[in-house]
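Written out below as structure tokens is the structure these notes cover.
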Amino acid sequence: MTIKYDRLMNVKPGSMPAVLEMGPKFPELAKKILGDDFVGDVRFYARTLGPLNQVMWSWEVESMDEELARGAKLQASEEWNEMVSELMPHMESSSIGDAIWMEVSKTD
């Protein structure tokens, strides 16, 4: 079973250039901190149709336990928390946050 995480964030007006510069750095830093526990293929998106000023990070994991352990390791990192602190002034408090999707079926 695959679990897909989508972290959706609303960007404050005028902050999109800064967020587009910082956004790709999160998966790079996660890879550095997590090492062998890193789950590859993290994608970063900017919304171009529908409600604008939104970005999303997306990744897949095999279990919620693994994801919780990775999250705890990231949150324990001072470097990670500094990067989050740099990003947060650019984000709206109305952000959706995490949407978690479980794969039910797949057509090959």
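Position 1 is the first residue of the sequence, and the numbers go up from there.
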Which pairs of donor and acceptor atoms, one on a side chain in residues 10-24, lie under 3.5 Å apart (sequence neighbours left out)?
from: N10; atom 1: OD1; to: Q54; atom 2: NE2; distance (Å): 2.9
from: N10; atom 1: ND2; to: S94; atom 2: O; distance (Å): 3.1
from: N10; atom 1: ND2; to: S94; atom 2: OG; distance (Å): 3.3
from: K12; atom 1: NZ; to: P89; atom 2: O; distance (Å): 3.1
from: S15; atom 1: OG; to: H90; atom 2: ND1; distance (Å): 3.1

NZ of K25 to CZ of F44: how many Å apart, nearest 0.5 Å?
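The NZ atom of K25 sits 11.5 Å away from the CZ atom of F44.
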To the nearest 0.5 Å, what is the distance between CD1 on I3 and CE on M64?
6.0 Å
N/O donor to acceptor pairs below 3.5 angstrom from side-chain atoms of residues 78-87, sequence neighbours left out:
from: E79; atom 1: OE1; to: K32; atom 2: NZ; distance (Å): 3.0
from: E79; atom 1: OE2; to: K32; atom 2: NZ; distance (Å): 3.1
from: N81; atom 1: ND2; to: Q75; atom 2: O; distance (Å): 2.8
from: N81; atom 1: ND2; to: S77; atom 2: O; distance (Å): 3.1
from: S85; atom 1: OG; to: N81; atom 2: O; distance (Å): 3.0

Does W59 reach the side chain of V61, with side-chain heavy atoms less than 4.5 Å apart?
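Of all side-chain heavy-atom pairs linking V61 with W59, at least one is under 4.5 Å.
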Measure the shortest side-chain to side-chain distance between I100 and K4 over non-hydrogen atoms and say whether it is less than 4.5 angstrom.
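No, their side chains stay 4.5 Å or more apart.
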If Ile, Leu, Val, Met, Phe, Trp and Tyr residues are connected whenever their side-chain heavy atoms lie under 4.5 Å apart, and connections chain through other members, are [X] and [Y] in the same group?
{"X": "F26", "Y": "L68", "answer": "no"}
{"X": "Y45", "Y": "L8", "answer": "yes"}
{"X": "M88", "Y": "V55", "answer": "yes"}

Could you tell me which non-hydrogen atom of D6 sits nearest to which non-hydrogen atom of S58, and how far apart they are?
OD1-OG, 2.7 Å
Taking W57's backbone N and O only, do any of them form a donor-acceptor pair with R43's side chain (distance below 3.5 Å, no angle check)?
no
Please determine which of K73, K31, R70 meets the salt bridge (Lys or Arg N to Asp or Glu O under 4.0 Å) test together with D37.
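Exactly one candidate clears the test, K73.
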